Amino acid sequence: MNWKTWIPLVLAVGLALVAAKLTHDVIAGKKTGTAEGPSNFVQVVVSRGDLPPGATLTKENLTLAPMPGTTAPPHTYTSVNDLMDRVSSQPLVQGQPIDERLLAPKGSGIGLQALVPQGMRAVTIEVNEFTGVANLVAPGMTVDVVGSFRDDTNHDTVSRTIVQNLKVLAVGSRMSATNEDPNQKDTFKSVTLLATPKDAERVELATYSGRPRLVLRSGKDLGAVASKGASLMEILTGGEDKENFMRTLQAIAKSAKPSPSTTQPSEVEAPVKQVSTDPFEGMPRTIQRKVTVIRNGTESTTTFEVPVPKGHDLMIDMPTKEVIDTGSSK
């Protein structure tokens, strides 16, 4: 065979061997990386599905999932058993690592009870579409409670902010901001608020005295506002000072008051009017009578008044019409 033919053949075989060696090294490197890969991952506990606030963690709603790193991130868990019977304080989504900061403290109870911090209270008030901000209030929002009352000291109606900056824990029985249940209506008849014991007492008193109203606050406005409230007198006077308005009313009443001489009783006593015992007192003492005379087939009527004896019934004793037929004359 000609050497010119062998040279290209040898080169082709050499290049094929080099390519095979490189391919083998790459595949071997990948297998080594795959084999060593699990050492670069850690198993952490995640939520198996979406969980609302107040949900109790169990083996049914928790699972393990790999996370890059040689150690678990802070505040997470690597064992499902470490989270048994813990309660979520925030909504959890599917696949979300369980963070200690998203859980209620141990021993806080279950359900809504776990969402009430120590020293606070959960109080529920009845609302409707108008007192509940058109059913637009959702858990996590902050509201004020306003009520109107009757002030018996000055006989005025006043409206005041009873408590401020209360967190909404639940609307109806829903404790999460989103409504996943398509069968659950958007309307609700109660709102549960997180309050101090003193504020809970104020809310109860306002509910007993009338129908309090929720006032929605901005999520960035959490400060208390000093307000003296509003009164019906203030609305009627257009904001005029109440004392000046009352002095004006007193002056008007004083000018319209009659003089003392007209209010003093007269020294001359008026004669006592005798009450008549006659049941026919004031009735007419005469009655009109009509007499119809028929003569030769021709009628003629004559009307005249007849005196009525005192005490006689006009309708029974005194007939008002009489017919006299004289017959025919030839």
Side-chain angles (χ1 to χ4, degrees), residues 41-69 71-127 132-143 145 165-197 199-200 203 214 216-217 219 222:
F41 284 80
V42 64
Q43 299 287 330
V44 297
V45 182
V46 298
S47 174
R48 190 185 294 272
D50 296 341
L51 297 177
T56 302
L57 302 183
T58 62
K59 292 183 178 181
E60 287 72 20
N61 53 32
L62 297 177
T63 186
L64 292 173
M67 180 174 290
T71 58
H75 310 293
T76 59
Y77 292 84
T78 58
S79 175
V80 174
N81 294 328
D82 295 338
L83 290 170
M84 289 298 94
D85 298 329
R86 294 294 299 273
V87 179
S88 63
S89 61
Q90 303 293 332
L92 302 175
V93 297
Q94 182 177 1
Q96 180 178 358
I98 305 301
D99 194 304
E100 175 65 26
R101 293 167 295 185
L102 302 178
L103 304 178
K106 294 182 178 180
S108 300
I110 61 176
L112 180 63
Q113 185 180 18
L115 305 182
V116 181
Q118 185 175 359
M120 303 295 287
R121 302 292 186 267
V123 57
T124 301
I125 64 174
E126 181 182 2
V127 296
V133 198
N135 289 325
L136 297 177
V137 178
M141 294 183 177
T142 53
V143 296
V145 180
N165 195 25
L166 299 187
K167 181 181 179 180
V168 178
L169 290 180
V171 290
S173 59
R174 180 164 55 92
M175 293 185 292
S176 59
T178 58
N179 184 9
E180 300 290 342
D181 187 359
N183 297 322
Q184 184 175 358
K185 297 181 180 180
D186 293 330
T187 58
F188 50 87
K189 296 182 180 180
S190 64
V191 172
T192 303
L193 306 173
L194 182 64
T196 63
D199 287 344
V203 171
L214 299 182
L216 186 63
R217 298 178 68 111
L222 303 180

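Note that this is a predicted model, so its numbers are computed, not measured.
Gly109 and Ala114 get closest at one heavy-atom pair: O-CB, 3.5 Å. Contact record, Ala122 with Val116: CB-CG2, 4.0 Å, taken as the closest heavy-atom pair. The shortest heavy-atom contact between Leu115 and Gly54 is CD2-N, 4.1 Å. When every heavy atom of Met175 is checked against every heavy atom of Ala170, the shortest pair comes out as CG-CB, 3.8 Å. Of all the heavy atoms in Phe41 and Pro66, the pair that sits closest is CD2-CB, 4.2 Å. Counting all heavy atoms, side chain and backbone alike, Met67 lies closest to Pro97 at CE-CG, 3.7 Å.
Within 6.0 Å of CG in Leu64 there are more than 12 heavy atoms belonging to other residues, nucleotides or ligands.
Here Asn165 contributes atom CG and Leu194 contributes atom CG; the two are 10.5 Å apart, rounded to the nearest 0.5 Å. How far CE of Met84 is from CG of Leu62: 5.0 Å, rounded to the nearest 0.5 Å. The distance from atom CD1 of Ile98 to atom CG of Leu51, rounded to the nearest 0.5 Å, is 7.0 Å. Separating the CG atom in Leu193 from the CG atom in Leu169 is a distance of 7.5 Å, to the nearest 0.5 Å. Leu103 contributes atom CG, which lies 6.5 Å from atom CG of Leu83 (distance to the nearest 0.5 angstrom).
For the pair Asp199 and Val145, the minimum side-chain heavy-atom distance is 4.5 Å or more.
Take Pro105 and apply the side-chain contact (heavy atoms from CB on, under 4.5 Å) test, not counting sequence neighbours, and it matches Ser108. Here Leu216 pairs with Val133, Met141, Val143 under the side-chain contact (heavy atoms from CB on, under 4.5 Å) rule; sequence neighbours left out. Every residue two or more places apart in sequence or in another chain was checked for a salt bridge (charged side-chain N to carboxylate O under 4.0 Å, His left out) with Asp82, and none qualifies. The side-chain contact (heavy atoms from CB on, under 4.5 Å) test applied to Gln113 returns no partner, not counting sequence neighbours. For Lys189, there are no side-chain contact (heavy atoms from CB on, under 4.5 Å) partners at least two apart in sequence or on another chain. Shown here are the side chain to side chain donor-acceptor pair (under 3.5 Å) partners of Asp99, two or more places apart in sequence or in another chain: Arg101. Scanning for salt bridge (charged side-chain N to carboxylate O under 4.0 Å, His left out) contacts around Arg86 gives Glu100, with sequence neighbours left out. Residues forming a side chain to side chain donor-acceptor pair (under 3.5 Å) with Thr124 (at least two apart in sequence, or on another chain): Thr192. By the side chain to side chain donor-acceptor pair (under 3.5 Å) test, Thr63 is found to be paired with no residue, residues two or more places apart in sequence or in another chain being considered. Here Glu126 pairs with nothing under the salt bridge (charged side-chain N to carboxylate O under 4.0 Å, His left out) rule; sequence neighbours left out.
Asn61 places a side-chain N or O within 3.5 Å of a backbone atom of Thr56 that can act as its donor or acceptor partner.
Evaluation of the salt bridge (charged side-chain N to carboxylate O under 4.0 Å, His left out) test over residues 56-67, restricted to residues two or more places apart or in two chains, returns none.
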Under 3.5 Å, which donor-acceptor pairs link side chains of residues 88-95 to any protein atom two or more places apart or in another chain?
{"residue": "Ser88", "atom": "OG", "partner": "Pro52", "partner atom": "O", "Å": "2.9"}
{"residue": "Ser88", "atom": "OG", "partner": "Ala55", "partner atom": "N", "Å": "3.3"}
{"residue": "Ser89", "atom": "OG", "partner": "Leu102", "partner atom": "O", "Å": "3.1"}

